[in-house]
Amino acid sequence: RQIDTDGTSADEQLPDMMEAALQLHPVLPFEQILSSELSLNAFMAHLIKEFSIESLLSLIEFCQFRNYGMESFHIEAASLAQIEIDWPVHAKLPLSDIVHANAQSEIADEFASYKHKAHALYVKYIVKDADFEINISYRLKQKLHRLMDDYDVW
């Protein structure tokens, strides 16, 4: 258990953080929760307490991955009109090691690098018994498994 400088634990600070966020905005759209540091911290603390932090971590990494792809391949947001989700993620969040690390410098082709990052996110969040496995429908999990399980074929 981590103790802050004022002698309180993170569990003890959670009600105060959530109360402060709720006083500012009693009902927040999800987009605003993600874009406000205070509400995002309160939401993260809540998910940690509920043992569901993988949901938010995956969303953050998937959003960063989408943005990375749009920048890498010069895709305008307007051309993705069929994708209605455009959640702004708070700027102070750390960058995903998978998405932003240049550790894959041996992959010269931008598309191959993008494929590698997509597969790494798949392994981290989708594969059965992954450390951060997210709860998605069986049908979607099977579809992703058929598409991405064999890295060389995919």
Side-chain angles (χ1 to χ4, degrees), residues 1-107 110-137 140-141 144 148 151:
R1 176 177 272 204
Q2 185 175 358
I3 305 297
D4 204 349
T5 55
D6 66 358
T8 60
S9 71
D11 288 344
E12 294 167 331
Q13 293 172 3
L14 176 60
D16 294 336
M17 288 172 51
M18 294 193 67
E19 182 64 31
L22 287 172
Q23 284 179 357
L24 289 174
H25 302 283
V27 178
L28 287 175
F30 196 60
E31 298 85 5
Q32 287 182 359
I33 291 172
L34 295 178
S35 62
S36 162
E37 183 176 10
L38 179 62
S39 60
L40 182 62
N41 285 338
F43 186 53
M44 281 193 280
H46 169 72
L47 289 175
I48 289 168
K49 187 176 179 183
E50 295 295 320
F51 302 102
S52 298
I53 193 64
E54 70 280 353
S55 299
L56 184 59
L57 293 176
S58 65
L59 174 67
I60 291 167
E61 283 198 280
F62 293 156
C63 285
Q64 289 180 8
F65 179 70
R66 180 205 55 209
N67 293 343
Y68 166 80
M70 290 175 64
E71 290 171 15
S72 297
F73 299 109
H74 310 289
I75 299 171
E76 296 293 325
S79 67
L80 299 177
Q82 71 276 13
I83 301 174
E84 297 179 15
I85 300 171
D86 187 24
W87 292 328
V89 178
H90 193 271
K92 289 188 178 180
L93 287 174
L95 297 177
S96 163
D97 282 343
I98 292 173
V99 175
H100 295 285
N102 291 328
Q104 300 305 324
S105 59
E106 71 273 6
I107 301 175
E110 189 69 36
F111 184 76
S113 176
Y114 193 73
K115 174 186 169 180
H116 181 81
K117 293 169 190 288
H119 193 266
L121 290 171
Y122 164 76
V123 169
K124 183 175 181 178
Y125 292 112
I126 309 298
V127 169
K128 184 174 174 24
D129 298 325
D131 288 341
F132 292 97
E133 183 179 2
I134 57 174
N135 185 14
I136 59 175
S137 73
L140 179 56
K141 187 176 278 261
L144 291 170
M148 300 179 75
Y151 183 85

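Positions are given from 1 along the sequence.
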Quick one: [atom1] on [X] to [atom2] on [Y], what's the gap to the nearest 0.5 Å?
X      : Y      : atom1 : atom2 : result
Lys124 : Asp131 : NZ    : CG    : 9.5 Å
Cys63  : Arg66  : SG    : CZ    : 4.5 Å
Gln64  : Leu121 : CD    : CG    : 9.5 Å
Ile126 : His119 : CD1   : NE2   : 11.5 Å
Phe43  : Ser55  : CZ    : OG    : 8.0 Å
Met148 : Lys115 : CE    : NZ    : 9.0 Å

Counting only heavy atoms not in Phe132 (residues, nucleotides, ligands), do more than 12 fall under 6.0 Å from its CZ?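 No, not enclosed.
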Side chain to side chain contact (heavy atoms under 4.5 Å, CB included), that's the test. Do Leu59 and Ile134 meet it? Break it down for me. CA-CA 10 Å; Leu59 174 67; Ile134 57 174; over 6 Å; no
Who passes side chain to side chain donor-acceptor pair (under 3.5 Å) against Lys141, sequence neighbours left out?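 Partners of Lys141 under the side chain to side chain donor-acceptor pair (under 3.5 Å) test: Glu133.
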Please identify each residue that fulfils side chain to side chain donor-acceptor pair (under 3.5 Å) with Tyr125, with sequence neighbours left out.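 Testing Tyr125 for side chain to side chain donor-acceptor pair (under 3.5 Å), a comparison that skips the adjacent residues, returns Glu61.
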Any side-chain heavy-atom pair of Val99 and Asn67 under 4.5 Å: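 Heavy-atom side-chain distance check fails, nothing below 4.5 Å.
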side-chain contact (heavy atoms from CB on, under 4.5 Å) partners of Phe73, counting only residues at least two apart: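 Ile75, Glu110, Phe111, Tyr114.
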